[in-house]
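Here's the structure we're looking at; comments come further down.
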Amino acid sequence: GAGVSQSPRYKVAKRGQDVALRCDPISGHVSLFWYQQALGQGPEFLTYFQNEAQLDKSGLPSDRFFAERPEGSVSTLKIQRTQQEDSAVYLCASSAMGDPNSPLHFGNGTRLTVT
Amino acid sequence: SQQGEEDPQALSIQEGENATMNCSYKTSINNLQWYRQNSGRGLVHLILIRSNEREKHSGRLRVTLDTSKKSSSLLITASRAADTASYFCATVPAAGNKLTFGGGTRVLVKP
């Protein structure tokens with residue numbers, strides 16, 4: 001079956017623009033995570049959903065960042081009024097179980113460049 | 001903030017040699033996971049070791065865990081050029097709900 005799919009693969013935004021990043025998890029996966037990865041660094045946790053419920057958004061860097069998963073499948077990460085420091089790869093991951101200790105399946109990410 | 005730290009940050013070896021990288025973490029955990037990331041791609045889960053396990057094998061991978069020292073090691077035996085990637089350890093704190101990654105070890109295997 002298909003893996004985790006993210007779109008767009010690359011996004012260039014002018015500073016101040018809003019962007020929306022999409023994640024299609026593996027069908028039937030309960031848990032969905034968003035991570036931010038700066039160049040040469042490990043992924044940093046942003047937010048976590050179990051089905052449609054956003055259980056943890058402690059990693060979102062500011063109130064310009066917003067994530068949703070309204071029907072418990074596809075998720076969108078929205079960044080308003082983008083800043084240069086938002087430039088990074090945004091990774092989505094899903095797992096079959098609601099257990100946070102389960103292995104994660106990652107998409108290939110969206111590389112966001114803010115100019 | 002990152003829970004784990006990998007050592008070394010970068011490693012360059014010849015094909016056929018073994019590659020060893022280490023991970024240290026800060027808090028009590030339920031399990032520790034290792035992931036691989038090829039350039040421009042997402043992370044791929046390699047192996048999970050539970051807190052009550054000391055060693056685990058999967059193909060050419062060997063993982064150890066020392067909870068008293070809060071450290072783990074990943075050994076790749078008989079490395080291949082295709083093993084060139086970044087390797088990350090990741091943990092969920094015993095009282096937590098999110099997988100937290102270290103900074104990674106970048107491994108280059110020269111043919």
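In what follows, chains carry the letters A, B, and so on, assigned in the order in which the sequence lines appear, proteins first and then strands, with residues in each chain numbered from 1.
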Tell me, for [X] versus chain B, whether the close heavy atoms (under 4.5 Å) come from the side chain, the backbone, both or neither.
X        : result
A:Thr47  : neither
A:Leu104 : both
A:Gln6   : neither
A:Ser58  : side chain

### Query
Which word best sums up how the rings of A:Tyr48 and A:Phe33 line up, parallel for under 30°, tilted for 30 to 60°, or perpendicular for over 60°?
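Judged by the thresholds at 30° and 60°, the geometry between A:Tyr48 and A:Phe33 is parallel.
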Considering all heavy atoms of both residues, which atom of [X] and which atom of [Y] are nearest to each other, and what is their separation?
X        : Y       : value
B:Gly102 : B:Phe88 : O-CD2, 3.3 Å
A:Met97  : A:Ser31 : O-OG, 2.7 Å
A:Gly109 : A:Val89 : CA-CG1, 4.1 Å

### Message
Determine whether A:Arg111 and A:Arg9 satisfy the following criterion, side chain to side chain contact (heavy atoms under 4.5 Å, CB included), listing intermediate values before the conclusion.
### Response
CA-CA 6 Å; A:Arg111 180 178 297 277; A:Arg9 188 78 175 86; 5.7 Å; no
### Query
If contact means a heavy atom pair closer than 4.5 Å, which residues of residues 48-84 of chain B contact chain A?
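Listed by number, the contacting residues are B:Leu48.
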#### Entry: Per-residue contact mode, B:Gln37 against chain A (heavy atom under 4.5 angstrom)
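Contact with chain A is through the side chain of B:Gln37 alone.
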### Query
Would you say the side chains of B:Tyr35 and B:Gln33 form a donor-acceptor pair under 3.5 Å?
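Distance-only check passes for B:Tyr35 and B:Gln33.
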### Task
Find out whether the Lys NZ or Arg CZ of B:Lys98 is both under 6.0 angstrom from the six-membered ring centre of A:Phe45 and within 45° of the ring's axis.
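Yes, a cation-pi geometry.
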### Option that, when pairs with chain A are counted at under 4.5 Å, heavy atom only, ranks first among B:Ala90, B:Gly40, B:Ser86
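Winner by heavy-atom pair count: B:Gly40.
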### Test item: A:Gln36 side-chain N/O and A:Glu44 main-chain N/O as donor-acceptor pair under 3.5 Å
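Checked: no pair found.
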### Query
Counting only N and O atoms by type, is there a donor-acceptor contact under 3.5 Å from the side chain of A:Thr82 to the main-chain atoms of A:Gln17?
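Side chain of A:Thr82 to backbone of A:Gln17, a donor-acceptor pair under 3.5 Å: yes, one is there.
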